[in-house]
Every structure is written in structure tokens, then in C-alpha cells.
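In what follows, a structure is listed as C-alpha cells, so that the remarks can point back to it.
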Amino acid sequence: MKKIYVALFAACAMMLASCQTTSPVAVTANPVGNKCGEAKTVLFLGLFGGSSDVGINTAAKRGGITRISHVDSYQKNYLLVKTIGVRVYGE
């Protein structure tokens, strides 16, 4: 019985394990503002789902940003799910 619990715990831990990377994409001379806009998409098995509307322009519009100071992109990987996004900061 204990082996079953250990196997279930290990399977759950593997499903919840994740890794996230964030990297800068662009920097401008504009001052850093207090607004942040984000655009992201989720992929299942690396193939299904997702959106083509993950860009700097979309993120800026969602955050109400007209002058961009810098842009970060990120990826969050789980076992079967991947999230790809862009964050835009500015005024």
C-alpha cells in the first residue's frame, strides 16, 4: 500500500514540476513607467492551443501603454503545458 502512495506522490510531483525563464527583449530611452501590459498564450503538448496574438503591440494595448520603456519575454514549462508571454513596461 505504501508503494502505491509513493508512486502517486511521485507522479503528482512530476506533473507540477516547472521551469520559468525570463529574458529582456528590448530597451528604449523612455523613462520606466508604472504600467505593465501582458500578452500570453498556452500550448498543450507543444502543439495544441495557443494564439498568434502574443506580441509587443498587443501587450502595450492591454496595459494602456503609449511609451514603451522595456520589454521582457518569458516561457513557463510544465510537463505537458507551456506558457509563452510578453510583458511590456512603460507609461
Side-chain angles (χ1 to χ4, degrees):
M1 190 66 155
K2 286 185 181 180
K3 290 181 181 181
I4 292 173
Y5 288 129
V6 170
L8 286 174
F9 178 75
C12 289
M14 285 179 16
M15 293 283 248
L16 296 175
S18 69
C19 175
Q20 179 174 346
T21 59
T22 303
S23 60
V25 176
V27 178
T28 66
N30 294 333
V32 176
N34 58 355
K35 294 181 182 178
C36 177
E38 184 174 12
K40 66 181 178 179
T41 188
V42 178
L43 299 169
F44 298 99
L45 299 173
L47 300 171
F48 305 107
S51 168
S52 61
D53 199 14
V54 182
I56 295 171
N57 193 28
T58 303
K61 284 181 183 177
R62 288 183 182 168
I65 298 170
T66 55
R67 296 177 61 195
I68 296 172
S69 65
H70 65 281
V71 180
D72 291 335
S73 69
Y74 67 91
Q75 287 189 7
K76 208 183 280 187
N77 296 312
Y78 295 100
L79 189 62
L80 302 175
V81 179
K82 177 187 249 186
T83 303
I84 301 170
V86 175
R87 287 189 190 104
V88 176
Y89 301 92
E91 297 178 340

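Because only heavy atoms are used, hydrogens play no part in the values below, and waters and symmetry mates are left out as well, while side chains stay in. Fair warning: this is a prediction, and the values are worked out from it, not measured in the lab. We number each residue from 1, following the sequence as shown.
- Ile56 belongs to a hydrophobic cluster whose remaining members, ordered by chain and number, are Val25, Val54, Ile65, Ile68, Val71, Val86, Val88; membership requires side-chain heavy atoms of ILVMFWY residues under 4.5 Å apart, directly or through intermediates.
- Leu43 and Leu80 sit in two unconnected hydrophobic clusters of ILVMFWY residues. Membership requires side-chain heavy atoms under 4.5 Å apart, directly or through other members.
- Residues that satisfy the side-chain hydrogen bond (donor to acceptor under 3.5 Å, both in side chains) test with Asn57, not counting sequence neighbours, are absent from this structure.
- Between Pro31 and Arg67, the shortest heavy-atom distance links the atoms CD-NH2, 3.7 Å.
- When all heavy atoms are compared, the tightest approach of Gly55 to Ala39 is O-CB, 4.0 Å.
- Within the structure, the salt bridge (Lys or Arg N to Asp or Glu O under 4.0 Å) test picks out no pair touching residues 43-54 (sequence neighbours left out).
- Residues satisfying the salt bridge (charged side-chain N to carboxylate O under 4.0 Å, His left out) test with Arg62, not counting sequence neighbours, are none.
- Partners of Glu38 by side chain to side chain contact (heavy atoms under 4.5 Å, CB included), not counting sequence neighbours, listed by chain and number: Lys40, Tyr74, Arg87.
- Residues satisfying the side chain to side chain contact (heavy atoms under 4.5 Å, CB included) test with Val32, not counting sequence neighbours, are Ser69, His70.
- Atom OG1 of Thr22 sits about 8.5 Å away from atom NZ of Lys76, to the nearest 0.5 Å.
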